[in-house]
Amino acid sequence: MESGVITRFAPSPTGYLHIGGARTALFNFLYARHTGGKFLLRIEDTDLKRSTKEAVDAILEGLEWLGLYWDEEPISQISRRQRHVALVKKLIEESKAYYCYCSPEELAEMRDLAKAEGKSKFYDGRWRDRDPANSPSGVKPVIRLKSPLDGETTVSDLIQGDVSVSNDEMDDMILFRADGSPTYMLAVVVDDHDMNISHVIRGDDHLTNTFRQLQIYKAFGWDHPTFAHMPLLHGLDGTKLSKRHGALGLAEYRKMGLLPEAMNNYLLRQAWAHGDDEIISLEQAIEWFDIKDVGRSPSNFDFSKLISLNSHYLREADDGHLVTLIKPILIENLHGKLDNRAFDRIKSGMSGLKERAKNIDELAKNAEFYACRRPITLSDKALKALDASGKSHLNNLQIELGSIENWSGLSLNDAIVKYAKKKDIKLGVIAQPLRAALTGNTVSPGIFEILAVLGKEQSLARINDVLT
RNA sequence: GACCCCUUCGUCUAGUCAGGUCUAGGACUCCAGAUUUUCAUUCUGGCAACAGGGGUUCAAAUCCCCUAGGGGUCACCA
């Protein structure tokens with residue numbers, strides 16, 4: 001299916017990939033897949049001072065983690081320098097752009113004046129029609145666009161609708177810096193055009209930039225892509241998302257033990273909805289996603305909802321996959337105390353483990369008792385459960401269990417229930433000491449499941465450990 | 001400050017385009033109860049919102065205007 005839709009995600013590699021960026025990528029990815037189009041990647045690395053290789057890697061890693069695969073080799077904006085230079089020269093030749101020799105002092109003056117007059121545009125266009133022959137010596141000029149002086153510019157935005165601004169609100173923007181590098185405004189327009197981007201989906205912090213970009217498209221005589229500006233993600237207090245809100249890089253969430261499925265699902269539901277549907281897989285999202293269903297109001301980041309989604313996906317996840325995810329954590333936490341049957345046990349006990357965990361770290365923590373070599377360490381609470389009466393029950397039970405031939409959850413259940421009946425005690429009276437002996441803790445999956453997973457020999461040995 | 005955008009439970013949202021079916025629905029959180037060997041899960045129930053004010057209309061969460069609050073942009077950053 002060829003739809004002609006080409007979207008792009010164009011991060012600047014000046015830091016980690018944050019969740020706002022991840023959502024922008026997600027929406028671009030979804031729209032491209034939904035329409036059978038392409039999803040491209042462009043690294044906006046024109047700011048040499050702040051761009052790093054590490055940041056590029058972090059961004060690519062983050063996208064891969066989320067499963068947001070892009071279609072072609074990522075494009076580095078800096079590699080397109082020649083093209084930018086050639087095009088801006090063309091604008092100069094056509095007198096659609098001009099050299100401006102203003103000093104920083106002059107600019108500061110103009111800025112102050114604009115501030116005093118309460119205007120948002122400050123550059124007065126003083127070099128717009130001046131002959132460069134009159135330029136002061138030794139000053140490297142910038143190149144500015146000759147913006148239209150009157151009329152208005154309208155963005156027909158797929159999310160925001162028609163938004164217009166009067167052209168006299170905008171001054172002549174800089175296209176090329178004095179050091180000969182293109183500004184974002186110029187580069188983004190040229191690259192989106194050259195990459196045949198059909199839909200620019202980005203945060204609405206770019207909405208007002210769009211008016212300026214539209215002027216550049218016009219100067220080149222190019223058709224412009226369709227724009228869709230999505231509302232920003234805010235912190236829980238309603239202000240812009242920042243490090244203060246614990247809204248860290250994607251990698252941090254990954255480290256916290258979150259699943260990419262949960263992250264995608266959470267991000268998807270910020271400013272987008274499909275009726276009352278809450279649990280939506282990436283496949284389902286591809287089928288349902290449309291820009292027209294994206295809302296216009298910003299949303300506040302809510303960690304507890306993310307967590308609840310995460311527990312959901314954890315319960316749904318494949319047991320073997322979860323084992324591979326917690327393996328490195330267990331190996332690190334347990335050092336040499338790892339039993340050689342550890343991961344077999346965890347795999348078979350996974351169904352009981354995963355419904356009790358909210359994230360990968362917790363899952364690993366809860367799985368430790370399966371992974372540990374005897375004798376296991378007992379928590380204070382476990383010690384308390386192993387009082388005299390608890391131990392005497394365990395002593396009796398040791399014998400009962402020892403005689404069981406068919407060691408399965410069912411037969412163990414029968415045997416222990418029978419024992420409780422015989423002694424006229426509640427199941428909890430014997431279950432808690434047993435749990436303490438087997439897991440070293442007072443909280444765990446079901447006791448029969450644990451016995452079955454541990455196996456007869458290991459179970460009896462652990463019971464014996466606390467009795468001697 | 002100027003320009004632009006936004007405003008439904010604490011949070012994410014449905015409903016707004018095509019006004020009546022909305023005494024406003026779902027989810028998360030929280031509270032209560034049930035199930036249970038612990039914890040968790042699950043289940044049942046509950047609290048909780050149309051920012052405010054004017055209009056238009058037989059009828060407004062939905063259309064119009066004003067006010068307030070919030071956000072974004074205004075770099076030789078992207």
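Throughout, a chain's letter reflects where its sequence line sits, starting with A, and its residues are numbered from 1. Computed from a prediction, not measured in an experiment: that's the story for all the values here.
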When we call it a touch if two heavy atoms are under 4.0 Å apart, what does A:His206 touch: a base, just sugar-phosphate, or nothing? base
At under 4.0 Å between heavy atoms, what does A:Cys100 touch on the DNA or RNA strands: base, sugar-phosphate, or nothing? nothing
Suppose you measure atom P in B:U8 against the same atom in B:A51; what distance do you get, rounded to whole Å? 6 Å
Taking any heavy-atom pair under 4.0 Å as a contact, classify A:Tyr266: base, sugar-phosphate, or nothing. nothing
Distance-only donor-acceptor test (3.5 Å): side chain A:Asn209, base B:A78: yes
Listed partners of A:Tyr31 passing ring pair (Phe, Tyr, Trp, His ring centres under 6.0 Å), at least two apart: A:His199
With a non-hydrogen cut-off below 4.0 angstrom, is A:Thr442 in contact with a base, only sugar-phosphate, or nothing? base
Mind checking A:Gln160 for me? I need base, sugar-phosphate or nothing, with any heavy atom below 4.0 Å counting as a touch. sugar-phosphate
Could you tell me the Watson-Crick or G-U partner of B:C3, where both distances fall under 3.5 Å? Say none if there is no partner. B:G72
Figure out the CZ/C1' separation between A:Phe122 and B:C3, and round it to whole Å. 16 Å
Would you mind classifying the nucleic acid contact of A:Glu169 as base, sugar-phosphate or nothing, using non-hydrogen atoms under 4.0 angstrom? sugar-phosphate
Does any N or O donor sit under 3.5 Å from an N or O acceptor when you compare the side chain of A:Arg296 with the base of B:C5? no
Give me the distance, rounded to whole Å, that separates B:G26 from B:C43 when you measure between the P atoms they each carry. 14 Å
Could you tell me whether A:Ser164 contacts a base, only the sugar-phosphate backbone, or nothing, with contacts defined as non-hydrogen atoms closer than 4.0 Å? sugar-phosphate
Using a cut-off of 4.0 Å on non-hydrogen atoms, how would the nucleic acid contact of A:Ala273 be classed: base, sugar-phosphate, or nothing? sugar-phosphate
Compare side-chain N and O positions of A:Arg269 against OP1 and OP2 of B:U11 and report whether any pair is under 4.0 Å apart. no
If I pick the P atom on B:U62 and the same atom on B:C50, what distance separates them, to the nearest angstrom? 12 Å
I'd like to know if the side chain of A:Asn359 reaches the main chain of A:Ile307, judged simply by a donor and an acceptor atom lying under 3.5 Å from each other, with no hydrogens or angles considered. no
Regarding B:A40, can its base be found pairing with the side chain of A:Lys358 as donor and acceptor, where the two atoms are less than 3.5 Å apart? no
Spell out, as yes or no, whether a donor-acceptor pair under 3.5 Å connects the side chain of A:Asn300 to the backbone of A:His234. no
How is A:Val142 classified with respect to the nucleic acid when contacts are heavy atoms under 4.0 Å: base, sugar-phosphate, or nothing? base
Assign A:Gly446 to base, sugar-phosphate, or nothing according to its heavy-atom contacts below 4.0 angstrom with the strands shown. base
What's A:Ser444 touching, base or sugar-phosphate or nothing? Going by heavy atoms closer than 4.0 Å. base
Donor-acceptor under 3.5 Å (A:Asn310 side chain, A:Leu259 main chain): yes
Mapping A:Arg23 and A:Ala431 to their closest nucleotides on RNA chain B, which lands nearer the 5' end? A:Arg23
Hey, does A:Arg315 reach any base, or is it just sugar-phosphate, or nothing, if we go heavy atoms under 4.0 Å? sugar-phosphate
Reading RNA chain B from 5' onward, which residue's closest nucleotide shows up sooner: A:Leu207 or A:Pro445? A:Leu207
Reckon A:Arg111 touches a base, only the sugar-phosphate, or nothing at all at heavy-atom distances under 4.0 Å? sugar-phosphate
Side-chain heavy atoms of A:His224 within contact of A:Leu214, under 4.5 Å: yes
